[in-house]
**Student:** 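Below is the structure I would like to discuss, written out as structure tokens.
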Number of protein chains: 2
Amino acid sequence: MYMKNFPVDRRVIKSKQALKDALLNLMNKTEFKDITITDIVQTANLNRGTFYKHYEMKEHIFDEIIDDVLSDLIESYRDPYKGVEIFELNKLLPSGIKLFDHVEKHKEFYILILQSNKLAGFQHKICAVLKELALKDLFDSQMESSINPEINASYQAYAIFGMIVEWVSSEFKYSSNYMANQLFELIMLRHSDNIYKIQ
Amino acid sequence: MYMKNFPVDRRVIKSKQALKDALLNLMNKTEFKDITITDIVQTANLNRGTFYKHYEMKEHIFDEIIDDVLSDLIESYRDPYKGVEIFELNKLLPSGIKLFDHVEKHKEFYILILQSNKLAGFQHKICAVLKELALKDLFDSQMESSINPEINASYQAYAIFGMIVEWVSSEFKYSSNYMANQLFELIMLRHSDNIYKIQ
DNA sequence: CTCCATTTGTCTATTAGTCTACAAACATTC
DNA sequence: GAATGTTTGTAGACTAATAGACAAATGGAG
């Protein structure tokens with residue numbers, strides 16, 4: 001995941017955001033390949049020159065959307081741990097789980113990549129990020145266990161992603177808080193399982 | 001109601017709109033007099049210089065908001081008549097009544113002026129516009145009647161405004177379509193009354 | 001009243017975005 | 001395949017918006 005040096009000028013941020021919003025919006029109605037640059041700048045309400053100032057092709061807009069979403073995913077995942085030295089499960093309150101707020105925030109994006117066949121590849125990208133995050137946590141907490149950290153991380157990552165898939169395809173029937181609670185309870189359940197097995 | 005020569009540059013339109021949105025937004029939480037120009041440009045996410053390029057004081061922003069709303073009010077009122085030579089009541093379908101769509105569109109504004117004591121003066125401005133519109137219609141259609149057109153127009157204007165007040169204070173409990181239907185039925189009712197009296 | 005922080009209005013240099021126009025590449029239709 | 005319209009990429013002249021700095025005005029708090 002590459003990172004461009006962040007723009008400082010408000011105008012740049014706003015213009016780029018408008019282009020990203022426009023592209024996502026158009027992708028809900030039209031095939032990516034059929035979307036013209038003229039379409040994008042028209043829905044973004046910008047001059048075509050502005051597009052060429054920041055991007056070379058429409059693909060680059062989408063690349064940046066991915067970057068944005070993944071960065072925000074990482075941030076929201078880590079947010080509950082902020083300032084916490086040692087990982088303590090009982091301090092991880094459901095309200096601290098910002099993950100589903102993140103999904104809701106990028107609703108349009110998630111609907112898109114879950115519905116489209118062609119964009120399915122990005123699902124793995126998301127899971128890979130989730131796995132890395134989980135792996136980092138596990139490394140800090142359960143080094144003595146006999147469980148393979150990679151497998152455990154992947155297990156957790158895809159489990160969470162499963163919840164997201166379910167949520168999105170239910171058309172966001174539940175609140176993000178409800179989803180956070182569900183995740184919390186599932187974690188607790190799994191944790192008590194472990195304790196049971198150890199005893 | 002005066003009309004500034006419309007700006008052509010997108011940037012101007014966007015910046016001004018951002019300032020208007022910001023002001024309306026702030027007025028929901030803070031007294032007008034306590035809102036600083038710094039507050040406005042910060043919520044609008046614009047440089048302070050941009051404010052001074054378009055306005056001299058915050059009052060001028062609000063003046064333009066009023067202009068916008070009243071212009072849109074007139075347009076939405078007249079929309080059903082577009083292209084119609086002679087006023088025919090039975091052709092005025094409920095779906096053609098765009099008035100409540102207008103109110104919904106400017107929700108924030110209407111809530112503001114109906115809740116605030118200090119902004120109550122603008123209610124009369126709106127009614128005055130509605131009366132003028134009604135007067136124009138009446139002039140075209142019922143010159144032979146013995147009813148005083150001014151009184152009739154004012155009657156109609158305040159009647160419609162009454163519906164708006166009710167709708168706003170119900171916190172938009174009904175759909176704009178429902179409101180349009182209600183208005184339509186009320187007009188029909190009154191019309192058939194008239195026929196009854198004539199016969 | 002004095003001190004301190006905030007807001008205000010104004011300014012400059014720089015950059016982003018605008019509009020317009022153009023020729024070349026692409027598509028469609030006949 | 002010629003003719004038509006649309007999209008593309010690029011360029012130039014112009015204007016709006018930016019960040020940043022500044023002194024003056026305003027406004028509390030001690």
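Residue numbers start from 1 in every chain, and the chains themselves are labelled A, B, ... in the order their sequence lines are given, proteins ahead of strands. No hydrogens, no waters, no symmetry mates; every other heavy atom, side chains included, goes into these values.
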**Student:** Can you name the atoms? Protein N/O to nucleotides 26-28 of chain C N/O, anything below 3.5 Å, with the distance.
**Tutor:**
none

**Student:** For B:I13 and D:dA16, give me the distance from atom CD1 to atom P, rounded to whole Å.
**Tutor:** 12 Å

**Student:** Ignoring hydrogens and geometry, is there a side-chain-to-backbone donor-acceptor pair from B:T50 to B:L46 under 3.5 Å?
**Tutor:** no

**Student:** Could you tell me the separation between the CE atom of B:M57 and the P atom of C:dG9, rounded to a whole number of Å?
**Tutor:** 10 Å

**Student:** Please name the pair of heavy atoms, one in B:M27 and one in B:L119, separated by the smallest distance, quoted to 0.1 Å.
**Tutor:** CE-CD1, 3.7 Å

**Student:** B:L19 has an atom CG; how far is it from atom C1' of D:dA17, in whole Å?
**Tutor:** 12 Å

**Student:** Measure from OH on B:Y52 to P on D:dA19 and round the result to the nearest Å.
**Tutor:** 16 Å

**Student:** For DNA chain D, find the residues of residues 26-48 of chain A with a heavy-atom distance under 4.0 Å and give them by number; none if there aren't any.
**Tutor:** A:T36, A:I37, A:T38, A:R48

**Student:** Excluding sequence neighbours, so at least two apart, what forms salt bridge (Lys or Arg N to Asp or Glu O under 4.0 Å) with A:K53?
**Tutor:** none

**Student:** Would you mind listing every side chain to side chain donor-acceptor pair (under 3.5 Å) that reaches into residues 29-40 of chain A, with sequence neighbours excluded?
**Tutor:** A:E31-A:K118, A:T36-A:D39

**Student:** Ring centres under 6.0 Å, that's the criterion: do B:F62 and B:F122 meet it?
**Tutor:** yes

**Student:** How would you label the contact of A:R10 with the nucleic acid (heavy atoms, under 4.0 Å): base, sugar-phosphate, or nothing?
**Tutor:** sugar-phosphate

**Student:** Has the side chain of B:K58 got a donor or acceptor atom that lies under 3.5 Å from a matching backbone atom of B:F32?
**Tutor:** yes

**Student:** Once the angle between the rings of A:Y158 and A:F161 is folded into 0 to 90°, is it parallel (under 30°), tilted (30 to 60°) or perpendicular (over 60°)?
**Tutor:** perpendicular

**Student:** Could you tell me how far apart A:F51 (CZ) and C:dT18 (P) are, to the nearest whole angstrom?
**Tutor:** 14 Å

**Student:** Let me know which of A:Y77, A:Y110, A:W167 forms a ring-ring contact (aromatic ring centres under 6.0 Å, His included) with A:H102.
**Tutor:** A:Y110

**Student:** Please report, rounded to the nearest Å, how far the C1' atom of C:dT15 is from the NZ atom of A:K53.
**Tutor:** 8 Å

**Student:** Within the distance-only criterion (no hydrogens, no angle test), does the side chain of A:T43 pair as donor or acceptor with the backbone N or O of A:I40 below 3.5 angstrom?
**Tutor:** yes

**Student:** Can you check whether A:H54 has a side-chain N or O nearer than 4.0 Å to OP1 or OP2 of C:dG17?
**Tutor:** yes

**Student:** For B:L183 versus B:M163, what's the shortest heavy-atom pair and its separation?
**Tutor:** N-CE, 3.6 Å

**Student:** Please confirm whether any donor atom in the side chain of B:R11 sits under 3.5 Å from an acceptor in the base of D:dA17, or the reverse.
**Tutor:** no

**Student:** Among C:dA16, D:dT8, D:dA16, which is the nearest nucleotide to the side chain of A:D9?
**Tutor:** C:dA16

**Student:** Between A:K14 and D:dT18, is there a contact of a side-chain N or O with OP1 or OP2 at under 4.0 Å?
**Tutor:** yes

**Student:** If the condition is ring-ring contact (aromatic ring centres under 6.0 Å, His included), which residues does A:Y174 pass it with, not counting sequence neighbours?
**Tutor:** A:Y178

**Student:** Is the backbone of A:I113 close enough, under 3.5 Å, to the side chain of A:Q123 for a donor and an acceptor to pair up by distance?
**Tutor:** yes

**Student:** What is the distance from CD of A:E56 to P of D:dT8, rounded to the nearest Å?
**Tutor:** 15 Å

**Student:** Have a look at the helix from C:dC1-D:dG30 to C:dC30-D:dG1 and give the angle its two end axes make, five pairs each, rounded to 10 degrees.
**Tutor:** 50°

**Student:** Taking only side-chain nitrogens and oxygens of B:T50, does any of them come within less than 4.0 Å of OP1 or OP2 of D:dA16?
**Tutor:** no

